[in-house]
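Below, chain A is the first sequence line, B the second, and so on; all start at residue 1.
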Amino acid sequence: MIPLSWYLFFSAALFTIGLFGVLTRRNVIAILLGIELMLNAVNVNLVAFWRYGDVAAMTGQVFAIIVFAVAAAEVSAGLALVISVYRRSNTVVAEDLDLLKF
Amino acid sequence: MTPEKIIFLIVAGATLVSALMVVTTRNIVHAAFWLIAALFGVAAIFAILNAGFIAVVQVVVYIGAIAILFIFAVMLTRKDLRDTSAQQNRNWQAGALIAALTFGGLAALFQSWEKLSVAAPAIPSSFDAVAELGSQLTSPSAYVLPFEVASVLLLAAMIGAVYIAFTRK
C-alpha cells in the first residue's frame, strides 16, 4: 500500500512547479498553464484525503469535481481575456500589458 | 517494493518531468502538449487512488476541453513572442527561490504531522463510489448547494467569455 505521504509530496512538487511557472513565465498563456498545474495538485490532495480518510463520505471527490468546474471557468474567462487583450494591444507578454498602470 | 509502488513512482516521475517541461520549454505549443502529458499522469494517479470517475472526468474535461482550448489560444496569439525571445522574465531566480521555499515549507509541515503514514482503509466490495458521488451531489442534505453554485459559476464564466471575446463590427 502506498503511504499517504507519497501523494502529499507528489502534489506539493506539482504545485511548486506550477508556482514557478506562474512566477517566471512572460507569456500570459504560459502563466495560465502554470495555474492549471497548481489546480491539478490541489485535486490530487483532495482525492488522496478522500481515499485515506472516510471513504463513505465523498467530500474529497465532490470538491475535486467543483475544482474541475472552477478550472473550466477560469480557463474560459482567462483565455477570452488573453484573446481580447491580444486584439487590442497585439501582445501576450505579461510585462507589456500596462494599460491599468497609473 | 510492491508493484503498486513501482507504478506510482513511474507515473509520478513522468508527471513531474512533464510539468517541468511545461514551465521551462521555449515553444508554447510544446508546453501545451507537455501539459496534456502531465494531465494524463494525474489521471493515472486518480486511477491508482481508486477514484475511477475522477480519472475519467480528468481526461474528458482537462484533456478534451481545457488543453484543446489552450492550443487554440496559443495558435490565435502566436504573432509575437516567437521561440527566439526570452520566455522567462528577469526575476526567474527569485521565482525559483520562492518555489523551492514553498516546497521546503510544505515538506517540513508534512514531517511534523503524525498521521502522515496512515494506512488507507479498505473499500467494502458493496460500496459503489460513483453512485454515492451522484447521490451526494444532488442530495439537499449533502452537497447540492456547492454543486449549483459551481454550475452558476460556469454559466457566468461562459457569458463573460462570450462578452469579452466578442468583436463589435
**Exam field: side chain A/Arg51 to backbone B/Ala51, donor-acceptor pair closer than 3.5 Å** = no
**Message:** Please determine whether side-chain contact (heavy atoms from CB on, under 4.5 Å) holds for the pair B/Leu9 and A/Phe10, giving the CA-CA distance in whole Å, both sets of side-chain angles, and the decisive distance to 0.1 Å.
**Reply:** CA-CA 10 Å; B/Leu9 286 180; A/Phe10 168 72; over 6 Å; no
**Message:** Is A/Ala71 in contact with chain B via its backbone, its side chain, both, or neither, using a 4.5 Å heavy-atom distance?
**Reply:** both
**Prompt:** Taking C-beta and beyond as the side chain, do A/Gln61 and B/Val130 meet within less than 4.5 Å on heavy atoms?
**Reply:** no
**Item:** Side-chain heavy atoms of B/Val23 within contact of A/Leu37, under 4.5 Å
**Value:** yes
**Prompt:** Roughly how far apart are A/Ser76 OG and B/Leu154 CG, rounded to 0.5 Å?
**Reply:** 7.0 Å
**Message:** Pair B/Leu76, A/Tyr86 - check side-chain contact (heavy atoms from CB on, under 4.5 Å), show working.
**Reply:** CA-CA 9 Å; B/Leu76 285 171; A/Tyr86 181 72; over 6 Å; no
**Message:** Below 4.5 Å, heavy-atom pairs only: which of A/Leu79, A/Val82, A/Val70, A/Val85 has the largest tally toward chain B?
**Reply:** A/Leu79
**Heavy-atom pair count under 4.5 Å with chain A, highest-scoring of B/Ala67, B/Ala38, B/Ala94, B/Ala107** = B/Ala107
**Request:** Let me see the working for B/Tyr143 and A/Ile66 under side-chain contact (heavy atoms from CB on, under 4.5 Å), right down to the final yes or no.
**Result:** CA-CA 10 Å; B/Tyr143 299 106; A/Ile66 288 167; 5.8 Å; no
**Message:** Quick check on A/Thr59 against chain B: is it the side chain, the backbone, both or neither that has a heavy atom closer than 4.5 Å?
**Reply:** both
**Item:** A/Ile17 and its side chain to side chain contact (heavy atoms under 4.5 Å, CB included) partner, picked from B/Val17, B/Leu20, B/Thr24, B/Thr15
**Value:** B/Leu20
**Item:** A/Ile65 and B/Phe53, any side-chain heavy atoms less than 4.5 Å apart
**Value:** yes
**pair B/Asn50-A/Val55: side-chain heavy atoms closer than 4.5 Å** = no
**Prompt:** What option among B/Trp92, B/Trp113, B/Phe72, B/Phe110 has the most heavy-atom pairs under 4.5 Å with chain A?
**Reply:** B/Phe110
**Asked** Taking C-beta and beyond as the side chain, do A/Val62 and B/Phe147 meet within less than 4.5 Å on heavy atoms?
**Response** no
**Request:** Could you check whether the rings of B/Phe8 and A/Trp6 sit parallel, tilted or perpendicular, using 30° and 60° as the cut-offs?
**Result:** tilted
**Message:** Between B/Gln58 and A/Asn43, does the side-chain hydrogen bond (donor to acceptor under 3.5 Å, both in side chains) criterion hold? Intermediate values first, please.
**Reply:** CA-CA 10 Å; B/Gln58 167 92 0; A/Asn43 262 352; 4.8 Å; no
**Request:** Tell me, for A/Leu32 versus chain B, whether the close heavy atoms (under 4.5 Å) come from the side chain, the backbone, both or neither.
**Result:** both
**Asked** Between B/Phe103 and A/Phe15, is the ring centre distance below 6.0 Å?
**Response** no
**Asked** What part of A/Ile29 lies closer than 4.5 angstrom to a heavy atom of chain B: side chain, backbone, both or neither?
**Response** both
**Asked** Can you check side-chain contact (heavy atoms from CB on, under 4.5 Å) on B/Leu39 and A/Asn40, steps first, answer last?
**Response** CA-CA 8 Å; B/Leu39 297 177; A/Asn40 261 279; 3.0 Å; yes
